[in-house]
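Below is one structure, written out as structure tokens; the observations come after it.
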Amino acid sequence: MSFKDLIKNQMDHESLAKHAVEAKSVSLPTYSNFHVGAALLTEEGKVYFGGNIESSSYSLTICAERTAIFKAISEGERKFKAIAIASDAPGFCSPCGACRQVISDLCGEIDIVLINHAGELKVLKTSEMIPYAFGDKDLNNG
Ligand code: THU
């Protein structure tokens, strides 16, 4: 990858992270009051926003990441480049185990961009977030 591409990628991550911060405003964390925002970037450059949405039957809550991913999939999107995640916590908010599985299954090997309150980014690949993931290959070999 050229230096120019490297810088461009970093810029993409930064603007995607800003969208994740914006996406917190569409979250509905009625019970935890913990706002999470996610911004999912498609291969064609479209961004899908997601916020966490909570139910009075707490376990029915959906995380911001899965909201964004399911919105995109249900609009026909299949190819993704990155997902950024921002939260109310001062540090980096890592996706939960369920979201890691869904990212692995539906987004593949993408960049997962975490942003903290200082505006710093941490970027990991899906396989770093969920090593030895269960997936299609396991079902097909079964
Ligand atoms: N949450 C997310 O939306 N994403 C994460 O990565 C971690 C947790 C939500 C779920 C719940 O609404 C609230 O944060 C507290 O767990």
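For ligands, and for the atoms within them, numbers begin at 1 and follow the listed sequence. Remember, predicted model here, so these are calculated numbers, not experimental data.
The shortest N/O to N/O separation between Ile85 and ligand 1 does not fall below 3.5 Å. Residue Glu54 has at least one nitrogen or oxygen atom sitting less than 3.5 Å from a nitrogen or oxygen atom of ligand 1, judged on distance alone. At least one N or O atom of Asn52, backbone or side chain, sits closer than 3.5 Å to an N or O atom of ligand 1.
Among protein heavy atoms, the minimum distance from atom 16 (O) of ligand 1 is reached at Phe34 CD2, 4.8 Å. Shortest contact from atom 3 (O) of ligand 1 to any protein heavy atom: Ala64 N, 2.9 Å.
Under the 3.5 Å distance criterion, the side-chain polar atoms of Lys81 are left unmatched by any main-chain donor or acceptor of Gly45. Here the side chain of Glu54 pairs a donor or acceptor atom with the backbone of Ser32 at under 3.5 angstrom. Side-chain atoms of Asp105 never come within 3.5 Å of backbone atoms of Val102 as a donor-acceptor pair (strictly under, hydrogens ignored).
With a 4.5 Å cut-off on side-chain heavy atoms, Leu114 and Ser94 count as touching. Proximity of Glu14 to Leu121: side-chain heavy atoms (C-beta onward) are separated by under 4.5 Å at one or more points.
Ligand 1 has at least one atom lying under 4.0 Å from a heavy atom of Cys96. Taking a 4.0 Å cut-off on heavy atoms, Pro95 registers as neighbouring ligand 1.
Within 6.0 Å of CD on Glu44 lie no more than 12 heavy atoms contributed by other residues, nucleotides or ligands.
At a heavy-atom cutoff of 4.0 Å, ligand 1 is contacted by no atom of Ala38, backbone or side chain.
Less than 4.0 angstrom separates some heavy atom of Val36 from each of these atoms of ligand 1: 1 (N), 2 (C), 3 (O), 4 (N), 9 (C), 14 (O). Each of the atoms 2 (C), 3 (O), 4 (N), 5 (C), 6 (O) of ligand 1 lies under 4.0 Å from some heavy atom of Glu65. In summary, the atoms of ligand 1 found under 4.0 Å from a heavy atom of Thr61, numbered by their order in the structure, are 11 (C), 12 (O).
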Applying side-chain contact (heavy atoms from CB on, under 4.5 Å) to Asp111 and His13, what does each step give before you reach the verdict?
CA-CA 9 Å; Asp111 290 337; His13 287 152; 3.0 Å; yes

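Comparing Ser87, Ser55, Cys63 against atom 8 (C) of ligand 1, the shortest heavy-atom distance belongs to Cys63.
Rounding to the nearest 0.5 angstrom, the gap separating the CZ atom in Arg66 from the CD atom in Gln101 is 11.0 Å.
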